[in-house]
There are 2 protein chains.
Amino acid sequence: MPENAQKEQPRRRQARGERRVAQLLEAAASVFCTTGYTAASTNAIAREAGVSPGTLYQFFPNKEAIAIELGERLVHEMREAYGEALAPVDPATPLEQAVGAAVDRFIAFNCDHPVFFALMHGPDVPGRLTEEHDALHATLIGRVEALLSSFLPDAPSADITRTAQMALGIYMAGLELVLAREGAERDAYVQEIKNALIRYLDPLVGDRLGRPGLTRTPPR
Amino acid sequence: MPENAQKEQPRRRQARGERRVAQLLEAAASVFCTTGYTAASTNAIAREAGVSPGTLYQFFPNKEAIAIELGERLVHEMREAYGEALAPVDPATPLEQAVGAAVDRFIAFNCDHPVFFALMHGPDVPGRLTEEHDALHATLIGRVEALLSSFLPDAPSADITRTAQMALGIYMAGLELVLAREGAERDAYVQEIKNALIRYLDPLVGDRLGRPGLTRTPPR
DNA sequence: CCAGAATGCGAGCGACCACTCGTGTTTGTC
DNA sequence: GACAAACACGAGTGGTCGCTCGCATTCTGG
């Protein structure tokens with residue numbers, strides 16, 4: 001069998017088709033964002049995009065594929081964002097700065113793409129997307145673990161993992177609070193995430209050289 | 001119209017009926033827990049309880065009412081649990097102790113009733129339950145705010161609220177991690193929640209009298 | 001300019017699900 | 001034992017939703 005071990009030959013697309021796909025994904029993002037994945041109906045997505053249900057199925061084989069495609073594009077963008085945000089950290093940089101930069105980037109991404117949180121955090125996401133989310137989550141945990149290990153080379157790996165999970169959990173909890181706010185209040189919550197993470201992590205990494213960690217409010 | 005301004009006269013129940021209700025709620029808890037509210041079918045709940053769908057509707061007017069009843073019973077139990085856990089706090093008690101006791105109680109409750117987290121945290125819960133959840137959440141926030149205020153009488157209320165939200169968020173994030181673990185690992189995560197909360201809150205309440213907060217590793 | 005492909009439409013199909021109803025069984029009461 | 005009310009059943013009903021299909025329209029290569 002010489003041709004086509006591919007599961008799908010990427011059927012030829014015209015410019016109009018590409019535009020429709022983008023239009024449909026945008027509409028899907030909007031609908032998923034407000035109603036969640038399961039509650040979102042494909043007819044609603046088509047209506048939001050201003051096309052007929054039949055047209056939608058011209059470009060996506062089924063409802064799940066819409067979420068998959070959307071998720072993949074978001075994860076791709078996310079990889080770029082977190083690649084910059086968590087990849088190279090000089091152990092000499094102060095904790096405040098490292099945490100602040102990482103949080104700012106991730107928060108910015110999630111504020112730009114609120115669908116991401118909705119899709120990746122809903123309990124009703126289709127199986128294929130869950131895998132994608134788990135993979136991303138595992139990568140993130142791995143990065144944080146690596147960072148922590150570089151600060152605490154002697155700590156048992158179970159402790160490192162637990163700390164990484166907790167740190168990511170704190171960030172996620174804060175993200176949820178941030179997304180529910182706007183303007184100045186939102187900024188204040190972003191700062192609060194940084195406070196929480198720094199206070200959580202500093203006693204660990206601050207001790208690595210006998211350094212007394214964060215400067216506390218002096219006795220004055 | 002002399003009689004019945006009630007929306008429902010609580011029709012007379014036999015002992016058998018009470019048993020069925022309990023049986024159905026237990027089955028519903030199990031199904032909600034594994035599939036979430038929306039994905040759970042009333043037929044599945046009836047099957048899990050070993051009765052016919054018709055029987056289920058003998059005791060509940062609709063699917064939402066099942067979740068409502070389940071939620072109300074849980075919230076009722078919860079009120080008792082948190083009443084003990086957060087109500088009276090002597091400002092002299094050390095932070096570790098207060099946080100530890102509160103966390104232990106709430107964790108124990110959620111481990112005993114995993115449905116609670118599933119029902120109250122799913123994005124797909126029916127409107128009526130959301131109100132219930134919001135009310136509970138508001139009460140909890142209020143309690144934490146009151147506690148914080150007693151430690152920090154001079155702090156602006158916006159800061160207090162933000163800190164309370166963040167503290168609750170940290171707890172929730174930890175709870176999710178805890179529920180996904182078992183045995184010794186679970187205990188370690190419970191401890192980690194306490195660590196996170198103490199480190200987050202101590203710099204605030206530790207300063208209330210010029211006390212230098214948690215003893216850090218001394219400069220030696 | 002003209003085949004043929006890509007795009008677009010929307011009524012409709014099949015499956016699923018919350019919920020009902022007619023009928024039969026058990027239980028409490030006199 | 002008799003009567004009514006509570007309980008139990010499960011096939012059926014109406015509605016929703018994912019998805020299809022036949023057909024019309026627009027685009028592209030030759």
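Chain letters run A, B, ... following the sequence lines, proteins first and then strands; every chain starts at 1. Only this structure's heavy atoms are used, side chains among them; waters, hydrogens and symmetry mates stay out. Source: prediction; values computed, not measured.
- Candidate nucleotides D:dC7, C:dG10, C:dT7 were compared by shortest atom distance to the side chain of A:Pro53, and C:dG10 ranks first.
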Step by step, work out the side chain to side chain contact (heavy atoms under 4.5 Å, CB included) result for A:Tyr57 and A:Thr42.
CA-CA 9 Å; A:Tyr57 283 92; A:Thr42 55; 3.2 Å; yes
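- A donor-acceptor pair shorter than 3.5 Å cannot be found between the side chains of B:Glu176 and B:Tyr189.
- Between atom CG of residue A:Asp104 and atom CD of residue A:Gln191 there is a gap of 8.5 Å, rounded to the nearest 0.5 Å.
- In terms of phosphate contacts, A:Tyr57 brings a side-chain nitrogen or oxygen within less than 4.0 Å of OP1 or OP2 of D:dC19.
- Rounded to whole Å, the distance from CZ on A:Phe60 to P on C:dG8 is 12 Å.
- In this structure, B:Asp187 and B:Arg181 have side chains that are not in contact, with every pair of non-hydrogen atoms separated by 4.5 Å or more.
- Between the CZ atom of A:Arg47 and the P atom of C:dA11 there is a distance of 13 Å, rounded to whole Å.
- Counting only heavy atoms from C-beta outward, the side chains of A:Leu168 and A:His137 approach each other to under 4.5 Å.
- One can place CZ of A:Arg20 at 4 Å from P of C:dG8, the figure rounded to the nearest angstrom.
- Nearer to the 5' terminus of DNA chain C, by closest-nucleotide assignment, is the contact made by A:Gly54 (compared with the other of A:Gly54 and B:Glu64).
- Contact check of residues 22-45 of chain A against DNA chain D (heavy atom, cut-off under 4.0 Å) returns A:Ala40, A:Ser41, A:Thr42, A:Asn43.
- Remark: A:Glu77 engages no residue in a salt bridge (charged side-chain N to carboxylate O under 4.0 Å, His left out) (not counting sequence neighbours).
- Comparing C:dC19, D:dG10, C:dG10 by their nearest atom to the side chain of A:Ser52 picks out C:dG10.
- Classified by interplanar angle (parallel below 30°, tilted 30° to 60°, perpendicular above 60°), the ring pair A:Tyr37/A:Phe32 is tilted.
- Each of C:dG8, D:dC7, D:dG10 was ranked by its minimum atom distance to the side chain of B:Arg13; first place goes to D:dC7.
- Side-chain contact between B:Leu24 and B:Val51 is present, with at least one heavy-atom pair separated by less than 4.5 Å.
- Nearest heavy-atom pair, B:Leu204 versus B:Leu152, reported as atom, atom and distance to 0.1 Å: O-CD2, 3.3 Å.
- Atom C1' of nucleotide C:dT20 and atom CG of B:Asn62 are separated by 13 Å, given to the nearest angstrom.
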Protein proximity profile, nucleotides 22-30 of chain D - base contact B, sugar-phosphate-only contact S, no contact -, cut-off 4.0 Å on heavy atoms:
-----SSS-
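- If you take CD of B:Glu18 and P of D:dA6, they are 13 Å apart, rounded to a whole angstrom.
- Here C:dG22 presents its P atom at 14 Å from CD of B:Gln58, a figure rounded to the nearest Å.
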